[in-house]
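What follows is one structure encoded as structure tokens, with my remarks underneath.
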Amino acid sequence: MAKASAGILMYRVSGTPAGAGPGMEVSVLLVHPGGPYWRARDAGAWSIPKGEIDAGEDPLATAVREFREELGAAPGEPLLPLGEIVQRGGKRVVAFAVAGDFDVAALRSNTFEMEWPPRSGRLQVFPEVDRAAWFSLPRAHEKILESQRPLLDRLARLLKE
């Protein structure tokens with residue numbers, strides 16, 4: 001059975017004081033995966049902060065936990081459902097949206113350990129997320145993993161409603 005993850009797409013709106021409208025500009029917060037395999041990748045490598053749902057865990061609770069672990073901050077509320085997508089490898093991702101204004105300079109990611117270089121016998125520690133950045137929706141479409149692009153479209157529709 002394919003694994004499942006949950007995550008949060010944080011967004012901020014500027015340009016129109018009354019909210020959605022013709023002058024509205026939406027930015028989204030994306031994270032870049034840490035570790036040596038992702039170091040040189042940019043376009044199509046970014047993601048929403050997300051992580052694996054533990055057995056019996058509520059997807060919303062997972063999304064909040066993973067946001068805290070990967071960014072070092074609480075996401076805020078209310079969390080709005082964006083539905084589910086399936087990534088290329090078959091992993092299901094349940095996503096939520098939240099308005100916020102995370103300061104990317106405050107990023108404090110958890111870490112993971114892996115053997116690097118391969119077969120060297122040396123364990124090294126890497127951040128799970130090596131950077132976070134705000135992108136306009138069109139720019140985010142270029143940066144995010146292709147399978148997560150529908151989340152950006154769903155957010156845009158949600159904000160128009």
Side-chain angles (χ1 to χ4, degrees), residues 3-35 38-54 57-89 91-111 126-161:
K3 294 185 180 189
S5 289
I8 296 174
L9 178 59
M10 182 174 275
Y11 68 92
R12 61 186 181 192
V13 178
S14 60
T16 301
M24 177 180 78
E25 191 164 316
V26 178
S27 299
V28 294
L29 180 69
L30 300 179
V31 295
H32 187 271
W38 296 96
R39 187 173 296 142
R41 292 183 170 171
D42 190 54
W46 293 70
S47 174
I48 66 169
K50 64 174 183 52
E52 195 168 317
I53 300 171
D54 293 332
E57 188 177 24
D58 176 59
L60 183 65
T62 300
V64 171
R65 172 178 49 83
E66 289 297 325
F67 193 94
R68 282 189 173 137
E69 287 180 4
E70 294 189 0
L71 296 168
E77 294 180 347
L79 293 166
L80 310 171
L82 288 177
E84 184 178 298
I85 59 161
V86 179
Q87 293 192 160
R88 189 179 307 183
K91 180 186 279 187
R92 294 179 19 254
V93 178
V94 179
F96 302 89
V98 68
D101 196 16
F102 177 76
D103 177 4
V104 296
L107 173 68
R108 299 290 177 266
S109 179
N110 59 342
T111 58
F126 298 97
E128 190 169 337
V129 167
D130 62 15
R131 60 189 183 263
W134 287 97
F135 298 102
S136 67
L137 283 176
R139 189 80 172 123
H141 265 270
E142 298 170 12
K143 296 288 188 176
I144 200 167
L145 292 164
E146 183 179 356
S147 58
Q148 291 184 19
R149 287 180 188 156
L151 298 175
L152 301 175
D153 300 331
R154 291 176 191 175
L155 174 66
R157 281 194 304 275
L158 182 70
L159 294 176
K160 284 182 182 177
E161 293 175 357

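- Sorted by first and then second residue, the pairs that involve residues 78-87 and meet salt bridge (Lys or Arg N to Asp or Glu O under 4.0 Å), not counting sequence neighbours, are E84-R92.
- With sequence neighbours left out, the side chain to side chain contact (heavy atoms under 4.5 Å, CB included) criterion links R157 to D153, R154.
- Contact record, P59 with A6: O-CB, 3.2 Å, taken as the closest heavy-atom pair.
- The minimum heavy-atom distance between L29 and L71, with the atom names listed, is CD2-CD1, 3.8 Å.
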Donor-acceptor pairs under 3.5 Å, side chain of residues 45-54 to any protein atom, not counting sequence neighbours: which ones?
{"from": "W46", "atom 1": "NE1", "to": "D42", "atom 2": "OD1", "distance (Å)": "2.9"}
{"from": "S47", "atom 1": "OG", "to": "Q148", "atom 2": "OE1", "distance (Å)": "3.3"}
{"from": "S47", "atom 1": "OG", "to": "Q148", "atom 2": "NE2", "distance (Å)": "3.1"}

Would you mind writing out the side-chain donor-acceptor pairs for residues 94-106 within the sub-3.5 Å range, not counting sequence neighbours?
{"from": "D101", "atom 1": "OD1", "to": "R12", "atom 2": "NH1", "distance (Å)": "2.6"}
{"from": "D103", "atom 1": "OD1", "to": "A105", "atom 2": "N", "distance (Å)": "3.0"}

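- Contact annotation: the side chain of P75 approaches that of V64 to within less than 4.5 Å [non-hydrogen atoms, C-beta and beyond].
- Atom-to-atom distance recorded for S14:OG and E25:CD is 5.0 Å, nearest 0.5 angstrom.
- R139 meets the side-chain hydrogen bond (donor to acceptor under 3.5 Å, both in side chains) test with E142; sequence neighbours excluded.
- We find the CG-OH distance between L158 and Y11 to be 6.5 Å, quoted to the nearest 0.5 Å.
- Nearest heavy-atom pair, V26 versus L159, reported as atom, atom and distance to 0.1 Å: CG2-CD1, 3.7 Å.
- Once rounded to the nearest 0.5 Å, the distance linking CG of L30 with CZ of R131 reads 11.5 Å.
- Here the closest non-hydrogen pair linking A132 and V31 is CB-CG1, 4.1 Å.
- Summarising the geometry, atom CG belonging to L155 is positioned 12.0 Å from atom CE belonging to M10; distances are rounded to the nearest 0.5 Å.
- Here the closest heavy-atom approach between residue W38 and residue H32 is recorded as O-CE1, 3.1 Å.
- In this structure R65 satisfies the side-chain hydrogen bond (donor to acceptor under 3.5 Å, both in side chains) test together with E57, sequence neighbours excluded.
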Derivation and outcome, side-chain contact (heavy atoms from CB on, under 4.5 Å), residues I144 and L151:
CA-CA 10 Å; I144 200 167; L151 298 175; 5.6 Å; no
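- One finds the CD atom of E69 at 10.5 Å from the OG1 atom of T111 (value rounded to the nearest 0.5 Å).
- Among all heavy-atom pairs drawn from R39 and F126, the shortest one is NH2-CE2, 3.9 Å.
- Under the side chain to side chain contact (heavy atoms under 4.5 Å, CB included) criterion, S147 pairs with Q87, L145, not counting sequence neighbours.
- Applying the side chain to side chain contact (heavy atoms under 4.5 Å, CB included) criterion to E146, with sequence neighbours excluded, gives R88, R149.
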